[in-house]
**Q** 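Below is a structure I'd like to ask you about.
These numbers were taken from a predicted model, which means no experiment stands behind them.
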Amino acid sequence: MLQRTTDPEEQINLLCDISKASLPGSPTRSLAYSIKAMKLASQHDNKNGLALAYNRMGIAYHVSGNMREASRYLYKSLDLRERIGDSVGMSSSYNNVAIILNQSGDPESAIKLYNKSIRISAALGDTADIARTYHNLGELYLKLKKYEDALYFAKKSIALKELIKAENTLFNTLNITGTIYRLKGDWKKAIPYHQHALKIAAKTGSGLDDALSLNNLVLAYIDGKNYAEALPLAQRSLKIASDLNALSEINQAATNLNVLYTKIGDFKKAHTYLVMHLQYKDSIQNSAINAEMHQLQLAYEKTHAEKENLLLKAERNLKDEQLERNKVIQIFIIVLLLTALVAAFVFFRGKQRLHLVNRLLLENSNTLSSQKEALTKQATLLQVQKQELERLHAVKDRLFSVIAHDLKGPLASLQGLLKLAAMGAVPEAKFKSFMSTLATSQQNALWLLDNLLVWAKSQMQGFSFVAVESSLYDLAQENIILLQPQAQQKGISLVNTISEDTIVLVDTETVKLIFRNLISNAIKFCKSGESVTLAAQQQGEMLLVSVKDTGIGIKKEVLAKLFSNTNYSSNGTANEKGSGLGLTLCKEFVQQNGGTIWVESEAGIGSTFYFTLPLTLTHEAIALEAVAAELI
């Protein structure tokens, strides 16, 4: 039907209808159609269509879990509808924005918008919209734990939806009502509501609604301790939610499965679903982090605008003062001309007055130059501050990204292992192996945290590199001793062939971190019986250092990603996980020490990481030089 019409307005409405129909099964597809509608409405300056498209985009982002973009487009829709006086659209937008306000912790503002929506819907006789608002008020009071108020509005919504036969929206209210009963402690009354909702979801073919109803039904069965009934429903919900990539429902299904397997004593599967729950919980929380970062960005832009306004004001003041000075100069010139014409006989006194005026003009000119110079310095200072703000803002973004994606994963796994140990779910025969795995996981998390803190410190002001003469052998050997337990656990030998009299001029802490990351990385990609060898040889005034392993090597397409700012990482031979931050730190600290770093590798044969460092005299050379000085 979309291809049959050439009317832009009809095409926009059809695209929005398709977006709405696609939402339960595929939020991504729904968003794609709403974006098409937005572009078409913008192209034809169709404000009603644009407001409708914004609204559909906001809803699609909301279902996908992207609260930042959902809030942005729902507010844009409301603002446009208020400006063009679209009463029907305003009622819908009030409802949608109120949902966002309620979820962000402002229920009072949400209730005001719901009441506005009800007044408009009542005036228009729109029963369906009133029923939707009652449903939203039920959700709001449920969040506030005012269960009687929540039940009152939910049942009013059900009555209206059954009256107008709105099964497509009745589904949500049935689920909310069941949840209210369950949280009140009456799980038996909750089950019929969730089962009714499940039947509607099956009839409409909505996978998302199916997963939501199944999760709610599982929670009711868990409260009733009916674990055998709940387990297959939870597994079915997880499969449906995973196929749709619905983060909230995947997270809830994983939580339910963790509880169920814990209850029935299968702690291995319980741990698997606990880790899944923590990972998806982090993904959902990242949306909140993005929203917070968006607020920081807005604050930065506001500060940036204020500084630009200050620069404009300074320039305007400068121009005003210049005009005033010009006016004064004009007055003086007029006075001089009149004086010359009227009082020629007092030429001498006129000449004196001319000298006086010139002196005043010179003083005014000097004052103006001083003020202009001060304003120029102020503008330069503001520009420097702006650049520093932008740099710190970029550091903050990258720091949040590394914390959110690289540090939380190992800690989540460590938390799962500790929880199993605390529950006594580990057999005594496997306890020693389990504790070894736990120690390795904890050590990896600490090294990752150490890398992260060193990198963050290096990005801030005040971090300095202090180059001193140091034994490269000692720096390498210190890290070999540190990593020896990790190597022994995998059956890998560490060999240090660096000469003990090799002296380099470096910052010792950063070089130790370079060794630790490269040796740990080599162990990660070696198998039992293989080796990691450290070597060094002089190349002019520099020392070429190598960390060579006989491991699995690196593919050509992966080599280009190393030492980049993308934090690329892959699992080791024992499925060890990394953050990708280590090689970035190595590159940065090698360069700070005056050297360069690169890698040579062949898949299946092994890898060699090379880096150069400034070389100082050996102990023997220093001794010979001292003897020569005494002879002279």
**Q** List in chain and number order the residues that pass ring pair (Phe, Tyr, Trp, His ring centres under 6.0 Å) with Tyr221, two or more places apart in sequence or in another chain; answer none if no residue qualifies.
**A** none

**Q** Does Arg81 pair with Asp79 as a salt bridge, N-O distance under 4.0 Å?
**A** no

**Q** Using every non-hydrogen atom in the two residues, find where Ser77 and Tyr54 come nearest and quote the distance to one decimal.
**A** CB-CB, 3.7 Å

**Q** Can a salt bridge be assigned to the pair Asp86 and Lys47 using a cut-off of 4.0 Å between side-chain N and carboxylate O?
**A** no

**Q** Tell me whether Lys143 at atom NZ has more than 12 heavy atoms from other residues, nucleotides or ligands lying less than 6.0 Å away.
**A** yes

**Q** Can you tell me if Arg29 and Ser22 form a side-chain donor-acceptor pair at under 3.5 Å?
**A** yes

**Q** Any chance CD of Glu557 has more than 12 other-residue heavy atoms, nucleotides or ligands included, within less than 6.0 Å?
**A** yes

**Q** Are there more than 12 heavy atoms of other residues, nucleotides or ligands under 6.0 Å from atom NZ of Lys239?
**A** no

**Q** Can you tell me if OH on Tyr147 sees more than 12 non-hydrogen neighbours from other groups inside 6.0 Å?
**A** yes

**Q** Just grab all the ring pair (Phe, Tyr, Trp, His ring centres under 6.0 Å) pairs involving residues 164-184, residues at least two apart or on different chains.
**A** Tyr181-Tyr193

**Q** What are the two closest non-hydrogen atoms of Ser121 and Ser91, and how far apart are they?
**A** OG-OG, 2.9 Å

**Q** Taking only residues two or more places apart in sequence or in another chain, which ones pass side chain to side chain donor-acceptor pair (under 3.5 Å) with His196?
**A** none

**Q** Using side chain to side chain donor-acceptor pair (under 3.5 Å) as the criterion, point out the one residue from Thr272, Thr255, Asn256, Asn258 that pairs with His277.
**A** Thr255

**Q** State, without any angle test, whether Lys155 and Thr177 hold a side-chain donor-acceptor pair at a distance under 3.5 Å.
**A** no

**Q** Does the plane of the ring in Phe153 sit parallel, tilted or perpendicular to the ring in Tyr141? Use 30° and 60° as the thresholds.
**A** parallel

